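Both backbone and side-chain heavy atoms feed into the values below; hydrogens, waters and symmetry mates do not. Chain naming here is simple, since letters A, B, ... match the order of the sequence lines and numbering starts at 1 in each. Keep in mind that this is a model prediction, so the values were computed, not measured.
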There are 2 protein chains.
Amino acid sequence: MDQIVLQKRGSPPGSRQRLLGAAAELFNSKGYAATTVREIVKAAGVTKPVLYYYFHNKEGIFLELMRETYVKFNGLVDSVRLEKGSAREKLGRFIDQSFCLFLEEIKTVRLMYSIYYGPHQGAPFFDFDIYHRKYQETLRGLVIEGIRRKEFRDESPEDMTWVIIGAINVAIEIELGHPEVSLGREGLDRVLNLIFQGIGNEGKKPAGGKK
Amino acid sequence: MDQIVLQKRGSPPGSRQRLLGAAAELFNSKGYAATTVREIVKAAGVTKPVLYYYFHNKEGIFLELMRETYVKFNGLVDSVRLEKGSAREKLGRFIDQSFCLFLEEIKTVRLMYSIYYGPHQGAPFFDFDIYHRKYQETLRGLVIEGIRRKEFRDESPEDMTWVIIGAINVAIEIELGHPEVSLGREGLDRVLNLIFQGIGNEGKKPAGGKK
DNA sequence: GTCTATATTGAGATAGAC
DNA sequence: GTCTATCTCAATATAGAC
């Protein structure tokens with residue numbers, strides 16, 4: 001089992017934290033295979049044995065980074081169950097919170113993204129899919145709820161979920177590729193509204209809708 | 001200047017073509033940095049000096065792959081100007097053709113994707129943006145045409161373009177991450193229709209629309 | 001154009017002192 | 001926990017014969 005070394009609040013980051021930060025930065029900019037442990041330890045201001053002491057090897061520090069980010073996203077997904085309001089409101093809040101977390105964790109997200117959709121880069125296996133599936137099913141659940149409540153049109157929940165995921169991914173991808181023209185939270189919200197004026201049931205039937 | 005060695009139709013692939021094929025396959029599955037020239041030449045059934053003879057170095061074979069794929073996509077984008085019909089029809093055909101080309105070139109597309117949105121993996125610079133921008137501007141041009149012709153609603157063309165790009169990207173990303181549940185051309189078309197029932201102008205105003 | 005053989009550098013990882 | 005010094009192997013790339 002890996003040792004758990006929690007950092008005291010306010011303390012200057014110890015070697016372990018500095019190594020994680022340096023690794024996140026370098027993996028983010030160069031990728032897993034192209035980053036060397038020499039670069040990581042140099043950026044962290046320590047020597048190689050320190051990395052091997054805390055993380056066993058290069059794969060270990062990678063997996064620890066993925067795990068930390070995974071835990072945060074997982075917590076967010078789990079918290080949806082507690083939300084109140086219409087399906088549209090829940091969906092909006094969930095997507096906004098997801099997007100904010102993406103921005104906070106953008107370094108590891110970029111790495112995850114490129115490994116999930118792209119080549120593995122020699123990185124050890126990490127089950128991104130388990131999270132990915134859960135995220136999608138959460139969205140689909142909200143869509144189905146929206147259809148049941150007649151907030152959304154009665155079309156294929158799968159296709160409707162893909163449309164929503166498309167909007168989220170676009171917002172993230174702009175952030176990854178062109179942060180200078182970032183949509184931001186407001187832009188993502190506008191795009192979602194655009195989608196909902198098609199997906200939503202309002203405005204279509206001049207009379208009727210909510211009972 | 002690189003020498004140009006076109007392959008005669010029907011001839012068995014020569015060393016150069018086999019090297020390109022092997023490199024595409026390996027870069028696609030492992031990424032640029034994690035792929036070694038030893039693996040490439042072994043998969044191509046030649047020895048190292050052959051690769052260096054044709055491509056100068058590892059960067060050279062990568063750039064040649066990117067260039068070949070770039071030329072194909074660029075040709076597709078240029079051909080849009082010649083299309084006839086409504087903006088909606090043009091958009092649908094253009095997206096369908098793009099998606100088909102993505103599928104044909106999926107190996108290099110996966111690599112481009114992961115490098116464009118992700119870390120550079122130690123790969124040499126290639127200006128993906130020049131194509132990316134052109135592609136987006138083509139879509140935006142069609143959206144603006146659609147608004148002018150009152151086929152689409154009079155909302156922000158930028159946001160509407162993002163919604164469309166989201167749908168295209170989702171179809172590609174499913175192909176990259178989960179080909180077994182692929183949307184396919186039909187699925188992408190369904191998703192676009194879903195979007196257009198929001199973006200399009202039909203069905204909103206009970207009377208009016210096209211003059 | 002293609003080979004064998006080799007130069008050279010830098011990678012991941014560790015031994016063992018403190 | 002952290003260091004210096006070092007091991008070992010594999011990476012890119014080339015020289016030079018055929």
Side-chain angles (χ1 to χ4, degrees), chain A residues 1-8 11-27 29-66 111 119-126, chain B residues 1-8 11-23 25-27 29-65 119-125:
Chain A
M1 289 291 277
D2 286 4
Q3 54 213 296
I4 296 173
V5 182
L6 291 173
Q7 194 62 31
K8 275 181 269 179
S11 309
S15 296
R16 197 189 121 96
Q17 283 304 314
R18 297 221 308 287
L19 280 166
L20 282 171
E25 183 65 42
L26 284 160
F27 287 154
S29 69
K30 310 184 63 171
Y32 179 79
T35 298
T36 70
V37 314
R38 297 162 100 97
E39 290 172 310
I40 298 172
V41 297
K42 187 178 178 189
V46 299
T47 56
K48 272 194 277 187
V50 180
L51 184 149
Y52 287 94
Y53 173 77
Y54 284 110
F55 303 102
H56 191 54
N57 54 25
K58 187 183 172 185
E59 298 195 343
I61 197 168
F62 168 83
L63 290 172
E64 180 58 23
L65 277 175
M66 295 302 102
L111 186 60
H120 59 63
Q121 305 182 28
F125 176 76
F126 183 86
Chain B
M1 290 291 277
D2 286 5
Q3 53 212 298
I4 296 173
V5 182
L6 291 173
Q7 194 63 28
K8 275 182 268 179
S11 309
S15 296
R16 197 189 121 98
Q17 283 304 314
R18 297 221 309 287
L19 279 167
L20 283 171
E25 183 64 43
L26 284 160
F27 286 154
S29 69
K30 310 183 62 171
Y32 179 79
T35 298
T36 71
V37 314
R38 297 162 99 98
E39 290 171 310
I40 298 172
V41 296
K42 187 178 178 188
V46 297
T47 55
K48 273 191 276 186
V50 180
L51 185 150
Y52 287 94
Y53 174 78
Y54 284 109
F55 303 103
H56 191 55
N57 53 26
K58 188 185 172 183
E59 299 196 343
I61 197 167
F62 167 83
L63 290 172
E64 180 58 22
L65 277 175
H120 59 62
Q121 304 182 26
F125 176 76

Only counting residues at least two apart or in another chain, list the ones meeting side chain to side chain contact (heavy atoms under 4.5 Å, CB included) with [X].
X       : result
A/Ala44 : A/Arg18, A/Leu19, A/Ala22, A/Val46
A/Pro49 : A/Thr47
A/Leu26 : A/Lys30, A/Thr35, A/Glu39, A/Ile40, A/Ala43

Name all residues meeting the salt bridge (Lys or Arg N to Asp or Glu O under 4.0 Å) criterion together with B/Lys58; count only those two or more places apart in sequence or in a different chain, and write none if there are none.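 B/Lys58: no salt bridge (Lys or Arg N to Asp or Glu O under 4.0 Å) contacts found.
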Please determine whether a side-chain nitrogen or oxygen atom of B/Thr47 lies at a distance below 4.0 Å from atom OP1 or OP2 of C/dC3.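 Looking at the OP1 and OP2 atoms of C/dC3, one of them is under 4.0 Å from a side-chain N or O of B/Thr47.
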Quick one: is A/Ser15 getting a side-chain N or O under 4.0 Å of the D/dT2 phosphate, OP1 or OP2? yes
For A/Glu25, all residues meeting side chain to side chain donor-acceptor pair (under 3.5 Å), sequence neighbours excluded: A/Lys107
To the nearest 0.5 Å, what is the distance between CZ on B/Arg16 and OH on B/Tyr54?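 B/Arg16 atom CZ to B/Tyr54 atom OH measures 8.0 Å (nearest 0.5 Å).
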Figure out the [atom1]/[atom2] separation between [X] and [N], and round it to whole Å.
X       : N      : atom1 : atom2 : value
B/Arg16 : C/dT2  : CZ    : C1'   : 16 Å
B/Leu51 : C/dT2  : CG    : P     : 12 Å
A/Tyr53 : C/dA15 : OH    : C1'   : 17 Å
B/Lys42 : C/dC3  : NZ    : P     : 15 Å

Just the table, please: protein N/O against nucleotides 15-18 of chain D N/O, every pair under 3.5 Å.
none

For B/Tyr52, the ring-ring contact (aromatic ring centres under 6.0 Å, His included) test, sequence neighbours excluded, returns none
The criterion is ring-ring contact (aromatic ring centres under 6.0 Å, His included); which residues satisfy it with B/Phe27, sequence neighbours excluded? B/Tyr32
Enumerate all atom pairs, one protein N or O and one N or O from nucleotides 10-12 of chain D, separated by less than 3.5 Å.
{"from": "D/dA11", "atom 1": "OP2", "to": "B/Arg38", "atom 2": "NE", "distance (Å)": "3.4"}
{"from": "D/dA11", "atom 1": "N7", "to": "B/Arg38", "atom 2": "NH1", "distance (Å)": "3.3"}
{"from": "D/dT12", "atom 1": "OP1", "to": "B/Val37", "atom 2": "N", "distance (Å)": "3.3"}
{"from": "D/dT12", "atom 1": "OP1", "to": "B/Lys58", "atom 2": "NZ", "distance (Å)": "3.3"}
{"from": "D/dT12", "atom 1": "OP2", "to": "B/Val37", "atom 2": "N", "distance (Å)": "3.1"}

